[in-house]
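Here the structure is a predicted model, which means the values were calculated and not measured. Atoms within each ligand, like the ligands themselves, are counted from 1 in listed order. Heavy atoms only: backbone and side chains are in, while hydrogens, waters and symmetry mates are out.
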Amino acid sequence: MSLLLVFGTRPQIIKSVPVIRECLTRGLNLTTVNTGQHYDFEMSKVFIEQLSLPDPHFSLGVGSGSHAQQTAKIMTKIEKLVVELRPSVCVVPGDTNSAIGTALGAVKAKIPVAHLEAGLRSREEFMPEEINRRLIDHCSQVLFAPTKNAVTNLSSEGIERNKIFLTGDTMYDLFLSESSKILNAKLPEVPIKKGKYLVMTLHREQNTSTPETLREILSAIKEFGATTVFPIHPRTKNVLRKSGLLKATNHIENLILIDPLPYHSMMRLIKDSEFVITDSGGIQKEAFMAATPCLTLRESTEWVETIKLGANVLVSSVDCRSVVRVMKYLSSNRKNIIHRINRSGQPYGNGKAAKKVVDILQNRYSLPSHAQPG
Ligand code: UD1
């Protein structure tokens, strides 16, 4: 009668925290596994420490590799582990290679899979995460959808309605529960003034696989001229270094490169900024939660609510002129956008998604509590 939860990347840890905390409060028999897809301290361990999670019971140490290599390694190791542990259910958060590897490894060993953050679709056929989430949703026994739109997506693909649960988003749970720590978090020691700087994050394959796209984005930052803090993902840093562009960033006076930040500092940096530029899924949503406008460097997004509510603008052709045009739009309409976000209903639930998730799992798989729910 046990629950297995597997993560391996930065966003998966963040999504899992409220669920892990809820399981611990109830005294459930929970085993956690870190695949090790992310291994740098600031991409992984820092979140476990800062958000006071117990160390994972198992670390698989898979590291980097091609999509097939990474997925296959995870699948093989998870299969071995679940055959040994025989958990009642395996919880899989998000859409990374760790998630698809885990889901396939578990379900093929006849362990039920519960997908946390099910039903998201960007409709980009060759986007690695889109492939992963479609496959995970179709091999899961329980699907936790964060939004109504996600429920509609799952139903329209023929997934049985009795497998789908509208829970809200666990990232919103975390954002609310950490709000006072976010307000008081340490900001990076760089020259910025509240509301007068931008935050940028970039790591998607479509933006980082060629230096040309990165060059266009950097030109846009230079032309717009606002101070831009850029916590840089190791993948992006590698591409910039290899292409010689990393040195060129020294000549963009308004660009400040820093290492990836821990959760609270990153949320405060976003909250205090003029607007955010990103290609991350999680950051688009976190900007919305922090009532900060967002420019997304992608053709489409799975977080359609942020677009419908006018909080987020997509830039599909990532060239300098198009990016600068949207930057100017966000800068001049910032107040209106923030007003709109503050007046909109919250599409990501009420901060109790993890409670719903654990209620459903406990009920469905008869998981005994060793403590009263808090
Ligand atoms: C992965 C996820 C993506 C998620 C992102 C969050 C997949 C397909 N993609 O993308 O959905 O939004 O994590 O960051 O699973 N690297 C390091 N140190 C690390 C981790 C990565 O140096 O700790 C470098 C390596 O060169 C590696 C590259 O970054 O090859 C890419 O890492 P990987 O985990 O494959 O993909 P992400 O871009 O991080």
Worksheet item: Heavy atom of P11 under 4.0 Å from ligand 1?
Response: yes
Discussion item. Tell me whether D319 is salt-bridged to R325, with the criterion being a basic N under 4.0 Å from an acidic carboxylate O.
Written reply: no
Discussion item. Considering non-hydrogen atoms of the protein only, which is the closest contact for atom 26 (O) of ligand 1, and what is the distance?
Written reply: N238 ND2, 3.2 Å
Worksheet item: What protein heavy atom is closest to atom 9 (N) of ligand 1, reported as residue, atom name and distance in Å?
Response: E129 OE2, 3.1 Å
Discussion item. For atom 13 (O) of ligand 1, tell me which residue out of R10, H38, Q37 has the closest non-hydrogen atom.
Written reply: H38
Discussion item. Strictly below 4.0 Å, N to O, side chains only: are E178 and R21 in salt-bridge contact?
Written reply: yes
Discussion item. Among all the protein's non-hydrogen atoms, which is closest to atom 5 (C) of ligand 1, and how far away is it?
Written reply: H203 NE2, 3.5 Å
Worksheet item: Any idea which protein heavy atom is nearest atom 16 (N) of ligand 1, and the distance to it?
Response: Y39 OH, 3.5 Å
Worksheet entry | E205 to ligand 1, any heavy atom closer than 4.0 Å | no
Worksheet item: When you measure from atom 18 (N) of ligand 1 to every protein heavy atom, which one gives the shortest distance, and what is it?
Response: D40 OD2, 3.0 Å
Worksheet entry | Short N or O distance, N132 and ligand 1, threshold 3.5 Å exclusive | no
Item to complete: Apply side chain to side chain donor-acceptor pair (under 3.5 Å) to N29 and list each qualifying residue two or more places apart in sequence or on a separate chain.
Response: none
Item to complete: Provide, to 0.1 Å, the distance between atom 22 (O) of ligand 1 and the closest protein heavy atom, together with that atom's residue and name.
Response: P234 CB, 3.2 Å
Practice prompt. Evaluate the salt bridge (charged side-chain N to carboxylate O under 4.0 Å, His left out) criterion for residues E124 and R204: first the C-alpha distance (whole Å), next the side-chain angles of each, then the deciding distance (0.1 Å), finally the verdict.
Written response: CA-CA 13 Å; E124 288 172 75; R204 290 279 162 207; over 6 Å; no
Worksheet entry | ring-ring contact (aromatic ring centres under 6.0 Å, His included) contacts touching residues 283-317 (sequence neighbours left out) | F288-Y348, W303-Y348
Item to complete: Would you mind checking if E129 and R133 are paired as a salt bridge, meaning a charged N to carboxylate O distance below 4.0 Å?
Response: no
Worksheet item: Between E22 and R26, is there a salt bridge with N-O shorter than 4.0 Å?
Response: yes
Item to complete: Tell me which protein heavy atom sits closest to atom 38 (O) of ligand 1, plus the residue, atom name and distance to 0.1 Å.
Response: R235 NE, 2.7 Å
Response to the item:
Restricting to heavy atoms, the pick from S64, S44, A99 nearest atom 27 (C) of ligand 1 would be S64
